[in-house]
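Contents: one structure, followed by commentary.
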Amino acid sequence: MKVLCVLLLALPAFPQDFATGKRIFESQCALCHGPDGSGGRGPNLRKAKLKKAPDDEALKKAIADGLPPEMPGAWQLHPREVDATAAYVRSLGKLVVEEIPGIPAAGEEIFNKTGCANCHIVNGKGNARGPELSAIGARRNAKHLRESILTPNSFLPEDFLLVELTDAAGKSVKGVKANEDLFTIQLALPNGRYASFDKATLKSLKRLTGQSTMPAFTNIPAADLDNLVAYLASLKGAE
Amino acid sequence: MKFALILLSLTALAQVPFERIRDAAKEPGNWLTYSGNLAGHRHSPLTEITPANVANLKVKWAYQFPTAQNQTSPIVVDGVMYVTSPNRAAALDLRTGRELWTWERPIPKDYQSIGFGQVNRGPAILDDKLYIATLDCYLVALDIKTGQQRWATKVEDYKPGYSMTLAPLAIKGKVVVGVSGGEAGIRGFIDAYDANTGTRAWRFFTIPAPGEPGNDTWAGDSWKTGAGSTWVTGAFDPELNLLYWGIGNPGPDWNGDSRKGDNLYTCSFVALDGDSGKLKWHFQFTPHDTHDWDSAHVPMLIDAPVRGKMRKLIVNPNRNAFYYALDRVTGEFIAGQAYAKQTWAKGLDDKGRPIVIPDTEPNEAGILVYPALNGATIWYSPSYSPKTNLVYVATREAGATYFKREADYKPGTFFAGGGERRIPESEQWGAIRALEPTTGKQAWEFKVVSPPWTGVMSTAGGLVVSGSNEGNIFALDARTGKPLWSFHSGGQVSSNPISFNLDGHQHIAIAANRVLYVFGL
């Protein structure tokens with residue numbers, strides 16, 4: 001009897017629930033987690049263990065309520081649909097783990113040598129002109145990491161909008177938008193300081209959407225790039 | 001002598017009889033009802049603050065609420081300001097903001113807001129009582145002098161999803177309320193209660209039962225869970241004795257398969273007899289809505305010439321992105337046009353019915369439609385200024401990918417059948433727009449960074465006052481939209497401004513997150 005139960009649990013309870021879960025995943029989760037769950041803007045979900053969803057309870061809560069600030073909640077789903085989506089996410093974890101060629105330790109050397117730390121903090125070291133990367137491996141898959149290095153313009157987190165303006169005195173200023181309201185805008189300047197402007201006094205204000213301050217590192221040798229990606233993928237943050 | 005005095009005070013007229021509210025224009029220094037007057041104008045006749053001196057506005061005092069994201073629109077009368085937050089009311093000294101009394105009613109542990117934030121939009125006042133509608137769906141009357149409870153009437157059971165967030169509306173002898181719960185498969189209604197006793201005077205169901213006209217606009221039993229909430233305060237015409245109220249979306253929101261038909265009276269305005277609650281007319285803005293475009297709006301009643309003839313009008317910039325002018329005696333459609341980006345209708349026909357573009361309903365894969373589910377405008381108040389003869393509306397510019405999902409009704413749970421994914425934040429914006437009242441034609445706009453969540457107030461001094469998600473509280477020139485003054489409040493503004501006199505000088509009050517600010521020259 002017991003053996004039978006375990007066997008039953010290992011299979012999806014109802015085949016149509018699996019289909020429902022797949023359908024919802026593809027229409028509502030795939031845009032961030034990829035159509036096959038291998039990740040993109042959101043982390044790879046094809047893993048046996050999900051950090052933010054260690055058990056089924058937590059997984060259903062993550063789906064229904066979201067994981068602020070980046071992952072939206074799917075509160076409009078019926079509880080049964082949440083169950084089905086959770087079951088589908090779990091089934092993804094049983095598939096093959098992402099294979100990442102490269103040696104993390106060698107990648108760390110390249111990271112430091114190439115000047116990545118001039119803009120990124122990893123485990124407390126470096127400068128904060130770009131996003132912190134201490135847990136980037138837990139949030140992004142290898143493909144996304146590779147693209148971030150080769151074509152930084154391909155994906156920009158909302159909080160790194162580059163702005164170019166001409167102030168009242170005619171001086172041109174470029175910086176990353178720190179904040180904005182109806183009348184003022186605040187920029188983080190390349191020199192690490194902040195500047196605040198009254199928008200009405202500006203001669204020009206351009207939002208360089210799609211432009212990154214991160215240079216494209218296209219001339220890193222292939223083997224080094226593999227190592228670098230393996231290093232970033234190994235950064236999972238403090239347990 | 002003493003004896004005579006006591007007798008006098010016992011027999012003296014109530015402090016705020018209905019006549020004071022009806023004639024609110026005669027005492028512009030007070031703010032006696034949710035919208036400032038019964039016609040829903042949110043317009044202050046005060047003229048001291050003008051485009052020339054508004055730059056000198058300063059904070060006079062501030063009041064801190066115990067909870068966040070306050071939406072209250074205060075009542076001000078005879079030197080006291082009354083404010084509310086969820087299940088809480090307070091009377092404040094108008095001069096200093098010091099509390100005179102507070103009242104609280106515990107929110108039951110098992111209470112849940114299905115589909116909306118836990119907010120309260122303000123109190124109502126009549127005679128010697130202050131009225132507050134609670135989240136757990138009670139209408140409570142408090143003594144205005146002490147905050148002590150006079151009565152509390154259960155409007156509906158909160159467990160299946162009924163709730164109240166709106167400011168009640170006091171009309172002659174009665175207090176009118178409506179309910180939230182449009183995402184929980186409720187059957188909505190508008191209720192009137194005897195202001196003195198709390199006994200229900202009448203109930204108007206927003207969804208007709210079998211045998212009643214309009215029930216045939218609902219397939220099968222779908223009317224039973226058809227929603228049609230009534231969560232925003234209406235307007236009242238004392239001469240016609242007609243009450244005007246906006247009705248919310250049908251349920252389930254994004255899946256209309258089970259409720260084929262127009263789904264009356266959802267997404268409509270209704271005109272009800274003030275004494276009996278009987279339906280005089282209805283006008284449906286969005287037949288068979290599948291995008292959650294509630295018509296939960298404050299109706300604005302204005303008299304204006306149309307093709308050379310004076311007409312009694314009711315006007316509304318709607319959540320569905322169209323502006324409407326109707327005859328408020330008959331409900332007849334007079335004019336309308338889109339006032340914000342929309343991709344769901346080719347326009348309105350000569351009866352005001354939308355000419356819907358095929359395949360704009362939510363589907364399995366998702367479809368991009370403008371406006372997003374929170375609409376081109378939403379619960380917060382528009383304003384009408386008789387001085388400029390313009391309607392002002394905080395407009396939201398955003399689209400969304402709408403999804404359709406299955407929906408099973410289970411009391412006290414979401415009955416929504418889908419949802420939306422909004423376009424990226426960087427592509428959303430908003431504007432304060434001034435529209436011509438009989439046509440909806442735009443006169444000017446003032447752009448804002450993100451789709452607003454705050455109402456507007458116009459003043460006879462020539463200003464339009466509003467707030468932004470980014471925390472700005474600001475004043476525009478009512479004729480041109482030019483920004484003249486702003487103050488950074490430090491919190492998201494999601495409320496409605498009011499204006500009043502203190503010691504004979506004009507002030508403006510508006511809540512920003514946890515703080516209510518009072519400004520004066």
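Throughout, a chain's letter reflects where its sequence line sits, starting with A, and its residues are numbered from 1. Because only heavy atoms are used, hydrogens play no part in the values below, and waters and symmetry mates are left out as well, while side chains stay in.
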### Task
Can you tell which part of B/F415 gets under 4.5 Å to a heavy atom of chain A, answering side chain, backbone, both or neither?
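Answer is neither: B/F415 stays 4.5 Å or more from chain A.
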### Task
Can you tell which part of B/D253 gets under 4.5 Å to a heavy atom of chain A, answering side chain, backbone, both or neither?
neither
### Message
Testing the basics here: between A/L182 and B/N472, what is the closest heavy-atom pair and its distance to 0.1 Å?
### Response
N-OD1, 3.1 Å
### Message
Within a 6.0 Å radius of atom CG on A/N191, are there more than 12 heavy atoms belonging to other residues, nucleotides or ligands?
### Response
yes
### Message
Take a 6.0 Å sphere around CZ of A/R23 and say whether it holds more than 12 heavy atoms from other residues, nucleotides or ligands.
### Response
yes
Could you check whether any side-chain heavy atom of [X] comes within less than 4.5 Å of a side-chain heavy atom of [Y], counting everything from C-beta outward?
{"X": "B/V449", "Y": "A/K199", "answer": "yes"}
{"X": "A/H78", "Y": "B/R405", "answer": "no"}
{"X": "B/E470", "Y": "A/E180", "answer": "no"}

### Message
Can you tell me how far apart CZ (A/F183) and CZ (B/F487) are? Round to the nearest 0.5 Å.
### Response
13.0 Å
### Query
Can you say whether A/R207 sits under 4.5 Å from chain B via the side chain, the backbone, both, or neither, judging by heavy atoms?
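No part of A/R207 comes within 4.5 Å of chain B.
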### Query
Going through the distances and angles, do A/R80 and B/D408 end up as a side-chain contact (heavy atoms from CB on, under 4.5 Å)?
CA-CA 10 Å; A/R80 213 171 62 224; B/D408 287 333; 3.1 Å; yes
## Note on the structure
Answer key: most heavy-atom pairs under 4.5 Å with chain A among B/R421, B/K447, B/K410 is B/R421
